[in-house]
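Residues take their numbers from the sequence shown, with the count starting at 1.
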Amino acid sequence: MEVSVINIGNSKGIRFSKTILEKYDIHDKIELILEKNHMIIKTKHEPRKNWEQAFLKMHKKGDDKLLMDDIFEDENFEEWGK
């Protein structure tokens with residue numbers, strides 16, 4: 001696909017169509033990988049983005065309880081000290 005390089009203030013840039021933005025899930029940031037003779041543009045995802053808000057919401061709903069005990073009845077902590 002050929003695209004035009006356009007002026008953006010004192011810089012230059014390329015413009016993505018809405019179709020491309022939606023198809024490749026491009027939002028606020030991209031990752032630009034510079035290789036020897038080419039550039040690669042990748043969608044940038046932040047895997048843990050908004051986790052803090054999600055955890056607060058879980059806490060308010062009481063959904064942040066342990067699924068299993070963190071200490072088992074038959075655990076022997078003395079053997080860890082050896």
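- Both Met39 and Tyr24 belong to a common hydrophobic cluster when Ile, Leu, Val, Met, Phe, Trp and Tyr are linked at side-chain heavy-atom distances under 4.5 angstrom.
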| message | One pair to check against side-chain contact (heavy atoms from CB on, under 4.5 Å): Ile14 and Ile6. What are the steps and the verdict? | response | CA-CA 6 Å; Ile14 58 173; Ile6 61 171; over 6 Å; no
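- Here the CD1 atom belonging to Ile8 is positioned 7.5 Å from the CZ atom belonging to Arg15, to the nearest 0.5 angstrom.
- At a threshold of 4.5 Å between non-hydrogen side-chain atoms, the residues Phe16 and Ile41 count as touching.
- In this structure, Gln53 CD and Met58 CE are separated by 13.5 Å, a value rounded to the nearest 0.5 Å.
- Counting heavy atoms from C-beta outward, Ile30 and Thr43 have side chains that stay 4.5 Å or more apart.
- A chain of hydrophobic side-chain contacts below 4.5 Å, direct or via other Ile, Leu, Val, Met, Phe, Trp or Tyr residues, connects Met1 to Ile26.
- The 12-atom threshold is exceeded at CG of Leu66, counting heavy atoms of other residues, nucleotides or ligands nearer than 6.0 Å.
- When all heavy atoms of Glu31 and Lys44 are compared, the closest pair comes out as N-CB, 4.0 Å.
- Tracing side-chain contacts under 4.5 Å through hydrophobic residues (I, L, V, M, F, W, Y), one reaches Val5 starting from Val3; they form part of the same cluster.
- With values rounded to the nearest 0.5 angstrom, Lys42 atom NZ is found 4.5 Å from Ile33 atom CD1.
- The environment of Glu52 atom CD is sparse: at most 12 non-hydrogen atoms of other residues, nucleotides or ligands sit within 6.0 angstrom.
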